[in-house]
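Working notes, structure below.
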Amino acid sequence: RAAVPAHPPSSPAEYAHRLRDAAGVDEVVRTLERRVAALQAAVESGSDGLLAVVPDGEVAGCNRRLLAMWDLPDGAAAGPAAALFRLMAARLEDPLHPLFQPERMLADGREEASGRVRLADGRVFDCACRAQRGGGRTWRFREMDGRGRLEERAAFLARAGRVLGGSPDP
């Protein structure tokens with residue numbers, strides 16, 4: 001990757017060369033944007049709630065499923081992970097569950113931690129927390145009470161019914 005020169009171009013040829021370099025950067029940016037969009041689509045397509053936290057304790061991102069599972073507003077995942085985990089822990093039977101202490105989990109050197117958590121409303125989630133390459137952690141939440149599996153099965157049966165009945169997908 002070329003450094004940005006500190007002086008203006010001295011000739012039209014140098015100016016053209018710099019424009020070609022900038023065009024190359026634009027193509028790299030477009031490629032990265034396409035890849036990020038594909039990864040985001042993959043993250044959103046699953047039935048698990050996913051959360052990524054960077055080493056400094058800020059939320060890097062989450063999928064909509066996580067917000068829905070925990071009945072959280074859209075903006076809940078912006079900012080410090082500790083604030084998000086306080087909202088989530090308030091919905092647990094045991095709000096002091098160790099998997100809901102992001103500072104401790106970020107400092108924990110174990111590659112993975114997992115367990116089941118019971119929410120105050122009776123739902124049970126399987127929770128796994130894994131260290132990320134380069135620091136930070138990801139959390140995965142999966143409903144274990146059957147409701148999530150029933151929703152997936154109903155969606156599958158609805159798609160199969162449309163295919164077998166000949167009606168187009170919406």
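None of these values were measured; they are calculated from a predicted model. Residues: numbered from 1 along the sequence shown.
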#### Entry: Other residues, nucleotides, ligands: >12 heavy atoms within 6.0 Å of Arg34 CZ
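It does: Arg34 CZ has more than 12 such atoms within range.
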### Query
So which pairs with a foot in residues 35-90 pass ring-ring contact (aromatic ring centres under 6.0 Å, His included), sequence neighbours left out?
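Every pair satisfying ring-ring contact (aromatic ring centres under 6.0 Å, His included) with a residue in residues 35-90: Trp70-Phe100, Trp70-Phe125, Trp70-Phe141, Phe85-Phe100, Phe85-Trp139.
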### Task
Can you run down the ring-ring contact (aromatic ring centres under 6.0 Å, His included) pairs that involve residues 31-65, sequence neighbours left out, and say none if there aren't any?
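Residue pairs passing ring-ring contact (aromatic ring centres under 6.0 Å, His included), neighbours aside: none found.
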### Query
Looking at side-chain heavy atoms only, is the closest gap between Leu50 and Thr138 below 4.5 Å?
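No; the side chains remain at least 4.5 Å from each other.
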Roughly how far, to the nearest 0.5 Å, is [atom2] of [Y] from [atom1] of [X]?
X	Y	atom1	atom2	answer
Leu92	Asp121	CG	CG	10.0 Å
Arg159	Leu164	CZ	CG	12.5 Å
Leu66	Glu44	CG	CD	10.0 Å
Arg130	Arg137	CZ	CZ	10.0 Å
Cys129	Glu112	SG	CD	8.0 Å

### Query
Below 4.0 angstrom, N of the basic side chain to O of the carboxylate: do Glu143 and Arg65 qualify?
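Salt bridge flag = yes for Arg65 with Glu143.
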#### Entry: Presence of salt bridge, Asp126 and Arg140, under 4.0 angstrom
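Yes, this pair counts.
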### Task
Kindly indicate, with the supporting measurements, whether the criterion side-chain contact (heavy atoms from CB on, under 4.5 Å) is fulfilled by Leu84 and Val53.
CA-CA 11 Å; Leu84 176 61; Val53 177; over 6 Å; no
### Message
Show the nearest heavy-atom pair for residues Ala77 and Cys62, with the distance to one decimal.
### Response
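Taking every non-hydrogen atom into account, CB-SG, 3.5 Å.
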#### Entry: Which atom of Pro55 lies closest to which atom of Gly134, heavy atoms considered
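Heavy atoms of Pro55 and Gly134 come nearest at CG-O, 4.0 Å.
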### Query
Pick one: which of His97, Met144, Arg91 meets side-chain contact (heavy atoms from CB on, under 4.5 Å) with Val117?
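For Val117, the side-chain contact (heavy atoms from CB on, under 4.5 Å) check succeeds only for His97.
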### Task
With sequence neighbours excluded, tell me which residues meet salt bridge (charged side-chain N to carboxylate O under 4.0 Å, His left out) with Glu58.
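Salt bridge (charged side-chain N to carboxylate O under 4.0 Å, His left out) list for Glu58, sorted by chain: empty.
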### Message
Walk me through whether Leu67 and Asp74 qualify under side-chain contact (heavy atoms from CB on, under 4.5 Å).
### Response
CA-CA 7 Å; Leu67 298 175; Asp74 286 340; 4.1 Å; yes
### Task
Would you kindly confirm whether Met88 and Val54 end up in one hydrophobic cluster when ILVMFWY residues are joined by side chain heavy atoms under 4.5 Å apart?
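Not linked; separate clusters.
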